[in-house]
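Structure record follows, encoded as structure tokens.
Every number for a ligand or one of its atoms is a count from 1 in the order of the listing.
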Amino acid sequence: MKIHFYKYQGAGNDFIMVDNRDNTINHSNPNIISSLCDRRFGIGGDGMMFLQQKEGYDFEMVYYNADGKPSSMCGNGGRCIVAFAKFLGIIDTETDFLAVDGPHHAKISESGDWVSLQMIDVDTITRDNAAYVLNTGSPHYVTFANNLASKNVYADGHAIRNNDTYKANGINVNFVEPAEKGGYFVRTFERGVEDETFACGTGVTAVALAMAKHHNQTGSNNTPIKVLGGDMNIRFNYNGNSFTDIFLEGPAKQVFEGDVIISD
Ligand SMILES: N[C@H](CCC[C@H](N)C(=O)O)C(=O)O
């Protein structure tokens with residue numbers, strides 16, 4: 001079977017994207033998705049997603065991690081699929097779509113390469129020693145790091161993701177340090193990719209919320225975050241307990257398109 005695909009990246013978090021509005025592609029085989037995401041033997045990507053029809057929404061986002069398994073919410077993937085929907089002519093500059101963690105509203109620039117994605121509200125942050133643990137659509141562990149640029153994020157992130165607390169269900173591990181020009185610098189080890197990614201949207205969102213709690217920055221916040229793949233921004237309100245009106249903002253770009261043959 002031949003599949004026409006598009007490759008997108010949002011701040012270096014990269015995805016294989018397929019227009020499956022005609023529902024012709026059965027994406028239940030994890031081996032096919034993991035082989036397409038393989039960076040040596042396949043197209044390569046941190047994940048793969050399918051844009052599908054959904055009654056009451058502009059579209060539905062169905063997302064798989066690079067390991068081929070269905071995933072929790074992908075923030076950068078959500079931003080990229082909004083850019084994809086605009087490219088396909090499904091939407092103009094605003095949209096309401098359905099993802100695994102529920103409905104999402106998003107706005108996209110006229111140029112189609114800057115997306116502001118509303119994330120779910122967050123009212124629970126727990127501690128694990130000095131770290132913060134919270135769910136922004138995906139589960140995240142947020143911990144401070146010194147000399148982050150030279151840190152072995154793979155080794156340290158892998159160890160936390162596979163420790164006794166998190167081994168069963170996994171967790172995404174975010175290392176954070178203050179950035180020179182304000183905001184933060186973040187590097188992330190992603191569950192389901194089982195490696196460091198150049199950006200993690202639900203991850204930088206988790207970091208922004210955790211830092212507001214850590215510094216007791218109630219009211220409206222606007223947090224710039226630098227990642228290996230570029231710059232992102234998180235806007236939100238914090239009342240001292242819960243976080244609302246959370247928007248993850250950043251670039252989303254189409255890199256190439258092509259056809260791939262899969263044995264069905
Ligand atoms: N790997 C994550 C899902 C994708 C998250 C990330 N790509 C994002 O942009 O939020 C998990 O299994 O929880």
Side-chain angles (χ1 to χ4, degrees), residues 7-17 27 30 33-34 37 39 44-50 61-84 97 99-102 104 106 114-120 122 132-142 153-154 157-158 160-162 165-176 186-210 223 225-234 236 243 246-253 255:
K7 190 73 194 298
Y8 273 77
Q9 60 86 9
N13 205 186
D14 65 330
F15 311 100
I16 304 166
M17 199 85 78
H27 36 75
I33 291 181
S34 58
C37 289
R39 295 192 185 282
D46 291 331
M48 183 168 187
M49 67 190 100
F50 297 84
M61 166 185 171
V62 180
Y63 181 78
Y64 296 87
N65 273 318
D67 63 5
K69 294 179 188 145
S71 170
S72 43
M73 182 54 184
C74 178
N76 286 326
R79 295 189 308 97
C80 286
I81 204 167
V82 169
F84 186 44
F97 68 95
V100 66
D101 63 345
H104 286 265
W114 184 266
V115 181
S116 175
L117 172 69
Q118 183 158 19
M119 307 296 280
I120 59 170
V122 173
Y132 289 94
V133 180
L134 61 162
N135 191 304
T136 52
S138 285
H140 287 276
Y141 178 101
V142 177
V153 166
Y154 175 79
H158 184 273
I160 294 165
R161 178 260 182 269
N162 288 292
T165 308
Y166 302 112
K167 185 163 186 62
N169 300 317
I171 197 163
N172 302 284
V173 183
N174 303 272
F175 300 97
V176 52
V186 174
R187 293 177 67 186
T188 304
F189 177 96
E190 265 200 53
R191 174 185 72 168
V193 182
E194 301 308 325
D195 200 350
E196 179 177 12
T197 56
F198 271 33
C200 178
T202 50
V204 295
T205 302
V207 169
L209 305 187
T223 307
I225 293 193
K226 183 166 209 43
V227 293
L228 293 183
D231 297 304
M232 307 185 78
N233 209 60
I234 299 89
F236 58 95
F243 302 84
I246 304 169
F247 287 86
L248 167 66
E249 303 177 333
K253 291 194 170 45
V255 184

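- Using 4.0 Å as the threshold, Asn13 has a heavy atom nearer than that to some atom of ligand 1.
- For the pair Gly75 and ligand 1, the shortest N or O to N or O distance falls below 3.5 Å.
- For the pair Gly192 and ligand 1, no heavy-atom separation below 4.0 Å is found.
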Discussion item. Please evaluate residues Met119 and Ile234 with respect to the criterion side chain to side chain contact (heavy atoms under 4.5 Å, CB included), reporting the C-alpha separation (whole Å), side-chain torsions for both, the decisive distance (0.1 Å), and the verdict.
Written reply: CA-CA 10 Å; Met119 307 296 280; Ile234 299 89; over 6 Å; no
Practice prompt. Kindly determine whether Ile160 and Phe175 satisfy side chain to side chain contact (heavy atoms under 4.5 Å, CB included), including the steps that lead there.
Written response: CA-CA 11 Å; Ile160 294 165; Phe175 300 97; 4.2 Å; yes
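- Nearest non-hydrogen protein atom to atom 5 (C) of ligand 1 is Glu190 OE1, 3.5 Å.
- Here the protein heavy atom with the shortest distance to atom 9 (O) of ligand 1 is Gly201 N, 2.7 Å.
- Near Ser138, the atoms of ligand 1 lying under 4.0 angstrom from a non-hydrogen atom of the residue are 3 (C), 11 (C), 13 (O).
- Here Thr136 pairs with nothing under the side-chain hydrogen bond (donor to acceptor under 3.5 Å, both in side chains) rule; sequence neighbours left out.
- Counting heavy atoms under 4.0 Å from ligand 1, residue Asn65 touches it through the side chain alone.
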Discussion item. Between Ser138 and Glu190, is the side chain to side chain contact (heavy atoms under 4.5 Å, CB included) condition met? List the steps.
Written reply: CA-CA 10 Å; Ser138 285; Glu190 265 200 53; over 6 Å; no
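- With a heavy-atom cut-off of 4.0 Å, Ser71 touches ligand 1 through its side chain alone.
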Item to complete: Output, in order, the C-alpha distance, side-chain angles, deciding distance and verdict of side chain to side chain contact (heavy atoms under 4.5 Å, CB included) for Met232 and Val186.
Response: CA-CA 10 Å; Met232 307 185 78; Val186 174; over 6 Å; no
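- Within the 4.0 Å heavy-atom cutoff, Asp46 does not count among the residues contacting ligand 1.
- Each of the following atoms of ligand 1 lies closer than 4.0 Å to a heavy atom of Asn76: 8 (C), 9 (O).
- Not counting sequence neighbours, the partners of Asp231 by the salt bridge (charged side-chain N to carboxylate O under 4.0 Å, His left out) test are Lys226.
- A donor-acceptor contact shorter than 3.5 Å links the side chain of Asp14 to the backbone of Asp46.
- Scanning the protein for heavy atoms near atom 2 (C) of ligand 1, the closest one is Asn172 OD1, 3.5 Å.
- Remark: the backbone N or O of Tyr141 is paired with a side-chain donor or acceptor of Asn174 at under 3.5 angstrom.
- Counting only heavy atoms of the protein, atom 10 (O) of ligand 1 lies nearest to Thr202 OG1, 2.6 Å.
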